[in-house]
Amino acid sequence: RLAMKYAMEPVELARSTQGEMGVDVFYDETPIMNILAEHTQQPERGQDIDKARELLAEAGYPDGLSVPLYYASDHPFNQDLAQTIQEIAAPAGFDIELRGFTRDVYLSQYWMNRSFTITGWGGRIDPSMLLSLAFYSEGPWNESHINNPEVDTLIEAISTEVDDDQRQEYYDRLQEVFYEEGTLINIQVPFLVAISENIVDYRHPITMIPQYKHVDIIE
């Protein structure tokens with residue numbers, strides 16, 4: 001996992017998701033959104049191909065590692081993001097095979113069942129909700145299969161602590177652990193919905209993926 005992090009190049013990842021939007025994209029290695037007060041900025045790792053290759057060799061892959069990447073191909077940004085990850089990780093020794101499926105197939109057949117995936121998540125106002133769902137070892141949506149006793153202990157402490165300063169200390173430590181040992185890279189892209197008087201019956205789904213089949217346009 002650390003080798004993959006050293007292979008990443010945040011600027012290129014951001015460019016792959018910006019398109020023509022011209023807005024900021026945030027890269028991190030923790031599950032806490034940067035707009036939240038609980039977020040603690042970690043040091044910029046920077047791309048280091050030699051370090052990534054060294055770590056792969058130490059892990060038993062001196063000739064590189066072949067791994068499939070599963071993702072929802074019809075989810076916004078995913079196709080371009082997957083291709084960029086494939087390209088920038090190749091010099092570090094990662095041979096990534098892209099396996100994209102429509103979101104319904106991805107979620108029903110591959111999500112939670114594969115070791116290397118891209119999943120689009122919506123933010124949570126209280127990040128402890130997300131932590132308990134997705135990063136607790138026994139969490140129901142632990143898609144990255146993280147099983148770290150310290151992470152579990154910190155999530156439990158965050159969920160029960162009532163003192164704000166002490167709770168933040170737990171969040172700080174949690175993000176340090178994710179930076180060194182965590183199971184994800186977090187690429188935050190803006191979510192925009194434009195409203196017009198000419199659009200009627202728009203229904204915004206809980207999945208936060210716009211659906212237009214019920215929309216009518218008034219001329």
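Side chains included, hydrogens not; waters and symmetry mates left out as well; all remaining heavy atoms used. One is the number of the first residue; the rest follow in order along the sequence. All values derive from a computational prediction rather than experimental measurement.
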Of the non-hydrogen atoms in [X] and [Y], which two are nearest, and what is the gap between them?
X: Pro31; Y: Leu130; result: O-CD2, 3.6 Å
X: Thr30; Y: Phe178; result: CA-CB, 4.1 Å
X: Tyr170; Y: Ile158; result: CB-CG1, 3.6 Å
X: Val189; Y: Phe77; result: CG2-CE1, 3.3 Å
X: Leu56; Y: Gly64; result: CD1-CA, 4.4 Å
X: Asn34; Y: Gln188; result: OD1-NE2, 2.6 Å

Side chains of [X] and [Y]: does their closest heavy-atom pair fall under 4.5 Å?
X: Ile155; Y: Ser132; value: yes
X: Phe94; Y: Phe116; value: no
X: Lys5; Y: Glu29; value: yes
X: Leu131; Y: Ile32; value: yes
X: Tyr106; Y: Thr119; value: yes
X: Pro127; Y: Leu36; value: yes
X: Glu150; Y: Arg173; value: yes
X: Thr40; Y: Tyr179; value: no

What about [X] and [Y], same hydrophobic cluster or not, with Ile/Leu/Val/Met/Phe/Trp/Tyr joined at side-chain heavy-atom distances under 4.5 Å?
X: Leu55; Y: Ile185; result: no
X: Val177; Y: Tyr171; result: yes
X: Tyr6; Y: Met8; result: no
X: Tyr27; Y: Met4; result: yes
X: Ile85; Y: Leu98; result: yes

Determine yes or no for a side-chain-to-main-chain donor-acceptor pair under 3.5 angstrom, with [X] supplying the side chain and [Y] the backbone.
X: Ser73; Y: Phe101; answer: yes
X: His145; Y: Arg114; answer: yes
X: Glu44; Y: Gly46; answer: no
X: Gln86; Y: Ala82; answer: no
X: Asp74; Y: Arg103; answer: yes
X: Gln175; Y: Glu38; answer: yes

(request) Hey, can you tell me if Tyr70 and Tyr110 have their rings parallel, tilted or perpendicular (30° and 60° cut-offs)? (result)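 Judged by the thresholds at 30° and 60°, the geometry between Tyr70 and Tyr110 is parallel.
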
(request) Please work out whether the ring planes of His39 and Phe26 are parallel, tilted or perpendicular, with thresholds of 30° and 60°. (result)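 Taking Phe26 first and then His39, their aromatic rings stand perpendicular (interplane angle over 60°).
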
Nearest 0.5 Å, what's the [atom1]-[atom2] distance between [X] and [Y]?
X: Leu107; Y: Asn113; atom1: CG; atom2: CG; value: 11.0 Å
X: Thr160; Y: Arg167; atom1: OG1; atom2: CZ; value: 9.0 Å
X: Asp48; Y: Arg53; atom1: CG; atom2: CZ; value: 12.0 Å
X: Leu154; Y: Glu161; atom1: CG; atom2: CD; value: 12.0 Å
X: Ser16; Y: Leu81; atom1: OG; atom2: CG; value: 5.0 Å
X: Asp95; Y: Leu65; atom1: CG; atom2: CG; value: 8.5 Å

(request) Please determine, by modelled atom types, if Gln168 and Asp164 share a side-chain donor-acceptor pair under 3.5 angstrom. (result)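 No donor-acceptor contact under 3.5 Å links the two side chains.
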
(request) Kindly check if the number of other-residue, nucleotide or ligand heavy atoms within 6.0 Å of CE (Met129) is above 12? (result)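 At most 12 heavy atoms, drawn from other residues, nucleotides or ligands, come within 6.0 Å of this atom.
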
(message) Would you say that more than 12 heavy atoms from the other residues, nucleotides or ligands in this model lie under 6.0 Å from the CH2 of Trp111, or not?
(response)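 Above 12, so yes.
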
